Amino acid sequence: MNLARASLNHPYGVIAAVLLVAAMGLFGYLRTPADLFPDTFPPQVVVVTVQPGANANDVSDKITEVIEKELNTLGGLESIRSTSRDQVSSVLAEFAYSRDPGQVIVDVQNAMARIRADLPENAREPELYGLSDATARPLLTLALKPKTDSRRDLSEIRLLAENQIQDHFLGIEGVADVDVFGGHRPEVRVQIERDALTANDLSLLDIVAVLAGQNVSAPAGTIYTGESEYLVRIAGEFKDLQAIRDLPIRRMEQGLLRMGDVAEVELTEEEQRSAYHGNGEPAIALGIIKPDGGDTVAAIERVKAFLPELQALFPDIAFEITQDQQPLIDINMRGMLLSIIQAVLFTGLVIFLFLSDGRAALVAGISIPLSFFFTLAVLWFTPYTLNMVTLSGLIVATGMVVDASVVTLENIYRRFHDSE
């Protein structure tokens with residue numbers, strides 16, 4: 001028995017199958033994550049190593065080349081690109097698409113552990129950054145700046161953004177990371193007076209050693225008393241600027257020599273090496289990053305819904321959205337729906353006008369959206385998203401379905417009447 005005969009003999013089964021496909025397609029449309037672009041990034045890892053005081057040539061010879069040689073031994077490596085600058089080595093390793101991104105990072109970590117002894121002693125521990133499509137494009141970018149009547153400046157807002165505000169965003173479902181940028185980093189500046197050092201028989205190294213030895217927060221061991229034990233911790237971090245000014249340096253005949261006697265301590269901003277302008281005004285930027293495979297639209301909507309609550313917590317800070325992926329995603333989704341609706345209406349109209357058969361037009365009006373429901377149902381069970389590529393494919397397929405519907409129905413109609 002062929003498919004057509006089986007369908008005619010079991011009409012209720014066909015209706016049930018059509019309703020099942022329609023329901024699964026609707027669920028697939030509502031639950032399949034929507035994104036702007038598909039994830040096209042191959043597994044990539046950046047290894048950044050800092051050697052204070054080294055020039056670019058030394059960094060290239062003693063760090064970059066050593067790392068490159070070790071990474072070349074890893075399986076699935078496609079290419080290596082490196083940059084050596086004064087004090088900083090950056091090596092980007094790109095792997096084949098078949099490699100698992102998580103396993104790639106583990107392999108690079110093991111490689112760095114094998115060559116750590118070959119790197120200069122004063123080089124800092126290599127830092128690894130896994131790159132993906134999710135980290136390349138923030139979901140949305142927020143510009144933070146003080147309101148007109150606010151007493152805060154951008155350095156204070158930067159400090160809040162890197163701590164309390166960032167923590168609030170990380171608590172939102174669908175947000176994996178928050179990138180804070182835009183300069184205005186707060187910095188405590190200690191300006192040493194040369195004459196004061198000379199008068200007190202001190203050197204710059206003495207001042208640096210005192211600062212480094214006091215600004216410490218670290219575990220100091222354990223105290224055992226009977227059946228109890230207590231963890232001991234050294235809490236020596238400076239609470240404010242006055243604590244730095246009151247820091248004792250040396251006991252002199254005239255009394256205790258403090259930091260404020262030989263230096264001027266002030267809170268300022270570090271040298272500007274980057275800047276961000278939101279809507280034409282200087283601001284601190286927050287880039288909201290989603291995890292790999294996360295739902296872009298759902299995460300954006302949660303962040304937008306949280307903004308009024310965050311504005312209430314920080315009433316003197318203006319939060320403005322300067323970059324948002326959702327409008328373009330919504331345009332793509334509306335374009336697909338409009339194309340399907342237009343295809344159904346015009347196909348039904350053409351068939352009705354040329355064949356003068358309402359049932360044939362109704363069949364086309366049902367079969368065209370049903371084919372898209374089936375596609376969305378299949379897409380629901382795959383790791384793919386509704387993005388510009390998949391939506392473009394569905395829109396292009398609309399024309400093919402329309403052509404197939406018209407040709408098939410016309411052929412059936414002609415053969416049916418020829419057989420009479």
Side-chain angles (χ1 to χ4, degrees), residues 1-35 38-39 173-174 293-299 301 326 329-420:
M1 183 182 294
N2 57 29
L3 181 62
R5 180 62 60 184
S7 301
L8 292 173
N9 293 337
H10 303 86
Y12 295 108
V14 173
I15 294 175
V18 168
L19 293 177
L20 178 62
V21 170
M24 293 183 65
L26 182 61
F27 274 105
Y29 173 74
L30 296 176
R31 297 189 178 184
T32 300
D35 207 341
D39 187 0
E173 182 182 356
D295 192 334
T296 299
V297 175
E301 290 176 346
Q326 187 176 9
I329 295 174
D330 291 341
I331 291 174
N332 291 333
M333 300 292 286
R334 288 196 298 268
M336 184 196 71
L337 293 176
L338 183 61
S339 298
I340 296 174
I341 294 173
Q342 290 175 344
V344 172
L345 294 178
F346 283 106
T347 302
L349 181 62
V350 168
I351 292 175
F352 181 76
L353 292 177
F354 282 88
L355 301 182
S356 300
D357 191 334
R359 290 186 300 174
L362 181 62
V363 169
I366 295 176
S367 61
I368 293 176
L370 189 63
S371 63
F372 283 95
F373 277 133
F374 182 78
T375 303
L376 292 171
V378 174
L379 190 64
W380 182 21
F381 294 99
T382 66
Y384 302 110
T385 61
L386 285 172
N387 51 67
M388 290 190 68
V389 175
T390 54
L391 291 177
S392 298
L394 288 173
I395 293 172
V396 170
T398 304
M400 300 175 62
V401 174
V402 169
D403 293 342
S405 300
V406 173
V407 172
T408 302
L409 284 173
E410 190 277 333
N411 190 29
I412 294 174
Y413 189 83
R414 179 175 57 82
R415 287 180 177 272
F416 175 76
H417 287 281
D418 289 346
S419 64
E420 294 180 349

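Nothing here was measured: the structure is a model prediction, and the numbers come from that model.
Pairing each heavy atom of T382 with each of V378, the nearest pair is CG2-O, 3.2 Å. Shortest non-hydrogen contact noted between I329 and T296 is CD1-CG2, 3.9 Å. Nearest heavy-atom pair, A299 versus G174, reported as atom, atom and distance to 0.1 Å: CB-O, 3.7 Å.
The backbone N or O of T385 lies less than 3.5 Å from a partner atom in the side chain of T390, making a donor-acceptor pair.
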When you look at M24 and F373, which way does the side chain to side chain contact (heavy atoms under 4.5 Å, CB included) test go after all the steps? CA-CA 7 Å; M24 293 183 65; F373 277 133; over 6 Å; no
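Separation of atoms CG (L379) and OH (Y384) is listed at 9.5 Å; rounding is to 0.5 Å. Taking CG from L20 and CZ from F374, the interatomic distance works out to 10.5 Å, rounded to the nearest 0.5 Å. Once rounded to the nearest 0.5 Å, the distance linking CZ of F346 with CD1 of I341 reads 12.0 Å. Atom CG of residue L370 and atom CG of residue L19 lie 9.5 Å apart, to the nearest 0.5 angstrom.
Two residues are said to be in side-chain contact when any heavy atoms from C-beta on lie closer than 4.5 Å; Y29 and L386 meet this criterion.
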